[in-house]
Amino acid sequence: MNKLHVNHNHYAKICFLIYIHMTMKTSQLLLATTRETPADAEVISHQLMIRAGIIRRLAGGLYTWLPLGVRVLRNIEQIIREEMNRAGAQEVLMPVVQPSELWEESGRWQQYGPELLRIKDRHQRDFCLGPTHEEVITDMVRKEIRSYKQLPANYYQIQTKFRDEIRPRFGVMRSREFIMKDAYSFHLNRECLEQTYQVMYDTYHRIFERIGLDFRAVQADTGSIGGDGSHEFHVLADSGEDAIAFSSASDFAANIELAEALAPTGPRPLPSQALTEVATPNIHSIEDVCQFLSVQASQTLKTLLVLGANEDNPVIALVLRGDHEVNDIKVEKHPLVASPMTFASADQIKQVCGCDAGSIGPVGLTIPMVVDRAAAHCADFVCGANKSGFHLTGVNWDRDVQPGLVTDIRNIVEGDPSPDGKGEIQIKRGIEVGHIFQLGDKYSKALNANVLNEHSRAQILEMGCYGIGVTRVIAAAIEQNHDDKGIIWPDAIAPFQVCIVPMQMHKSPRVAKAVEQLYDSLQKQGVSVLLDDRDERPGVMFNDMELIGIPHRIVIGERGLDQQQIEYKHRRDAEPQNIAEAEFISFLMAQLNK
RNA sequence: CGGAGUGUGGCGCAGCCUGGCUAGCGCAUCUGCUUUGGGUGCAGAGGGUCGGGGGUUCGAAUCCCUCCACUCCGACCA
């Protein structure tokens with residue numbers, strides 16, 4: 001009995017807290033809207049976040065979240081928490097500041113560049129601000145998890161990260177400090193990892209669907225972090241920094257860096273021209289060559305010299321069609337080429353080819369040559385003559401030069417066949433908001449994270465890691481949902497679901513009474529409401545509410561009350577509609593549950 | 001890292017080249033009036049060591065030196 005009573009009080013207290021959090025009057029809220037667009041904000045989401053009073057810049061790549069912004073953040077975090085918990089993950093919270101020892105154990109203290117912000121404490125001990133938490137979580141697991149019976153396990157946190165970006169820009173889209181949900185799973189074997197990976201893949205779909213974003217999961221490169229399977233989750237937006245290749249006919253989607261460029265179909269055309277050397281004084285770039293010789297870029301070949309992976313072949317030639325771009329990720333995977341891909345110096349070029357960069361070509365080269373599939377399919381092409389100021393025309397493989405190693409080393413382009421054999425490639429831009437990896441044993445091995453298996457043998461764990469850029473999701477949501485008046489929040493993450501804009505409330509007791517009544521009953525229904533109780537002109541209030549993107553707007557004025565009506569308009573509607581006062585609450589609840 | 005640029009009330013800018021009254025303007029803020037279904041109008045007020053330091057000069061926001069901060073562009077040329 002006593003216990004129940006206590007619980008009841010506790011429950012009432014929680015309700016009260018939520019109550020306060022849900023509703024608000026503008027007179028109590030830091031509504032920091034501005035009429036003018038900041039000069040340094042380049043993308044629309046950054047401009048609107050500042051104008052709507054969501055963030056303020058403190059220093060380069062560092063932002064303060066104002067009350068309105070925090071409400072959006074919390075909404076997103078809540079969705080993520082619910083879905084992660086539902087997927088069986090457990091929440092933890094790890095330090096932002098991390099000791100160098102762990103990073104030395106994993107080898108990343110040396111590997112990471114200046115992006116890792118290193119600091120010393122008063123005892124001159126080395127620390128860093130965590131750009132990610134593989135080391136810390138692996139350390140936790142190796143200390144806490146002893147038995148295979150405790151596996152699999154998935155731990156996540158929602159926490160601040162710091163990466164000292166070369167050039168922070170676009171507001172919170174590429175900031176130095178940002179909030180991330182990162183999760184790390186641990187398994188006895190790869191099959192188990194793959195299962196959890198699939199669960200996370202599905203969970204991410206649920207999360208981004210609930211937030212209300214138009215997104216795609218795409219196959220991605222595993223990057224420097226290592227491992228096998230990886231998907232990126234991209235919000236589609238023209239301002240996105242990443243290019244994604246889609247098939248027009250199937251659900252194939254991959255980061256442009258990873259999508260395989262297939263060989264052109266059909267046999268290579270037969271030679272029809274004679275090999276000719278032409279003088280091309282001061283002509284270097286493909287563009288110049290095309291203009292000078294009146295040929296298409298696709299009829300030319302460019303030859304790049306990069307450093308080799310071993311001393312036997314210090315310089316390697318890469319041959320691509322003039323209109324194609326080299327893909328350094330693909331190139332670095334080639335056994336002959338040094339990783340990271342590094343261009344040969346001018347001196348090395350001179351030594352190997354006997355000419356300047358700009359006149360290099362495959363004909364007569366004695367170093368190993370890696371030829372792109374599309375380049376290998378060209379006939380009667382133009383290329384450098386390995387003689388400064390000269391090019392060759394009418395060049396043909398086999399007849400004039402052996403193609404050597406033919407493979408895929410370029411970026412896929414629009415119109416290429418889809419790698420899965422269905423349809424053509426289309427390219428769209430996306431904002432990366434999530435990334436999931438099968439890490440394997442990279443960190444668990446380095447940090448010796450093992451458990452005893454059923455045979456009482458120590459066994460290194462398999463790991464997966466799963467990130468969501470929480471703050472970036474907000475910017476991406478705005479990029480995707482705005483108009484010339486401001487933000488249009490998806491309902492699930494809006495700082496308030498509903499706003500009430502009263503007309504002349506401070507002069508009309510009748511309006512004031514109707515407004516208070518509605519505000520109270522919506523509060524009781526658990527609706528998150530913002531009441532604009534400022535003594536401002538209607539235009540000011542309308543503009544502010546539209547700028548900050550509240551999805552549902554209620555207007556109460558003498559005019560409507562005379563006819564027992566209340567005005568409703570969704571942020572996306574062109575025109576408001578008048579609803580009978582008596583039915584208004586049920587009407588609104590129906591709108592909210594749409 | 002390379003290149004370009006900026007720093008003047010809370011924000012956005014003018015003034016600087018050609019040194020000289022009391023450093024201006026717009027927005028925002030405060031007061032009063034006005035107005036009230038789409039950023040209204042009028043009047044008034046507060047708020048600045050002109051990024052820091054040094055120098056030239058009778059006199060420096062302005063010219064010179066130096067330091068700092070920030071922003072933008074570039075980092076595949078073949």
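Labels below follow one simple rule: chain letters A, B, ... track the order of the sequence lines, proteins then strands, and each chain is numbered from 1. Just so it is clear, the structure is predicted and the values come from calculations on it, not from any experiment.
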| message | Show me the dot-bracket string of RNA chain B, counting Watson-Crick or G-U pairs under 3.5 Å, with | for pairs to another strand and [ ] for crossing ones. | response | ((((((((.[[[[.)....(...]]]].(((((.......))))).....[[[[[..)....]]]]])))))))....
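Surrounding NZ of A:K428 are at most 12 heavy atoms belonging to other residues, nucleotides or ligands under 6.0 Å away. Within 6.0 Å of CD on A:Q291 lie no more than 12 heavy atoms contributed by other residues, nucleotides or ligands.
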| task | Report the C-alpha separation of A:E232 and A:N255 in whole Å, then their side-chain angles, then the decisive distance to 0.1 Å, and conclude whether the side chain to side chain donor-acceptor pair (under 3.5 Å) test is met. | result | CA-CA 8 Å; A:E232 287 172 356; A:N255 192 303; 2.9 Å; yes
| task | Give the C-alpha distance, both sets of side-chain angles, the deciding distance and a yes or no for side chain to side chain donor-acceptor pair (under 3.5 Å) between A:S298 and A:D323. | result | CA-CA 5 Å; A:S298 56; A:D323 58 332; 4.7 Å; no
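Atom C1' of B:rC63 sits at a distance of 11 Å from the matching atom of B:rU18, rounded to the whole Å. The separation of B:rU56 from B:rA60, taken at their P atoms, amounts to 11 Å, rounded to a whole angstrom. Nucleotides B:rA43 and B:rG38, compared at atom P, are 24 Å apart to the nearest Å. The same atom, C1', is picked in B:rG59 and in B:rG51; the two are 23 Å apart, to the nearest Å.
The interatomic distance linking A:D372 (CG) with B:rC76 (C1') rounds to 15 Å, in whole Å. We find that CD1 of A:I349 is positioned 14 Å from P of B:rC76, with the value rounded to whole Å. Taking atom CZ of residue A:R56 and atom P of nucleotide B:rA28, one finds them 15 Å apart after rounding to whole Å. Distance, A:L30 CG to B:rG10 P: 18 Å, rounded to whole Å. A:L62 places its CG atom 14 Å from the C1' atom of B:rA69, with the value rounded to the nearest Å. Straight-line distance from the CZ atom of A:R57 to the P atom of B:rG12: 10 Å, rounded to whole Å. We find that CG of A:L58 is positioned 16 Å from C1' of B:rU71, with the value rounded to whole Å. Atom pair A:I367:CD1 and B:rA78:P shows a separation of 17 Å (rounding to whole Å applied).
For RNA chain B, the residues of residues 295-325 of chain A within the heavy-atom distance limit of 4.0 Å (strictly under) are A:K302, A:T303, A:L304, sorted by number.
A salt bridge links A:D483 with A:R571: the distance from a Lys NZ or Arg NE/NH1/NH2 to an Asp or Glu carboxylate oxygen falls below 4.0 Å.
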Polar atom pairs between nucleotides 2-6 of chain B and protein, under 3.5 Å, N or O only, would you list them?
none

Extract from the structure each pairing of a protein N or O with an N or O of nucleotides 36-39 of chain B at less than 3.5 Å, listing the distance.
from	atom 1	to	atom 2	distance (Å)
B:rU36	O2'	A:Q504	OE1	2.3
B:rU36	O2'	A:Q504	NE2	2.8
B:rU36	O4	A:K507	NZ	2.5
B:rG37	O2'	A:R559	NH2	3.0
B:rG37	N1	A:E567	OE1	3.2
B:rG37	N2	A:E567	OE1	2.1
B:rG37	N2	A:E567	OE2	3.0
B:rG38	O4'	A:G539	N	3.4
B:rG38	O6	A:R553	NH1	3.0
B:rG38	N1	A:E546	OE1	3.1
B:rG38	N1	A:E546	OE2	3.1
B:rG38	N2	A:N543	OD1	2.8
B:rG38	N2	A:E546	OE1	2.3
B:rG39	O2'	A:R35	NH1	2.7
B:rG39	N9	A:N543	ND2	3.4
B:rG39	N7	A:N543	ND2	3.1
B:rG39	N1	A:D544	OD1	3.4

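Side-chain nitrogen and oxygen atoms of A:R169 include none within less than 4.0 Å of the OP1 or OP2 phosphate oxygen of B:rU71.
For A:P335, there are no side-chain contact (heavy atoms from CB on, under 4.5 Å) partners, not counting sequence neighbours. Taking the side-chain contact (heavy atoms from CB on, under 4.5 Å) definition, one finds that A:R559 meets it with nothing, sequence neighbours left out.
Side-chain rings of A:W397 and A:F381 approach one another, their centers coming within less than 6.0 Å.
Under the 30°/60° scheme for interplanar angles, the aromatic rings of A:H552 and A:H570 are found to stand perpendicular.
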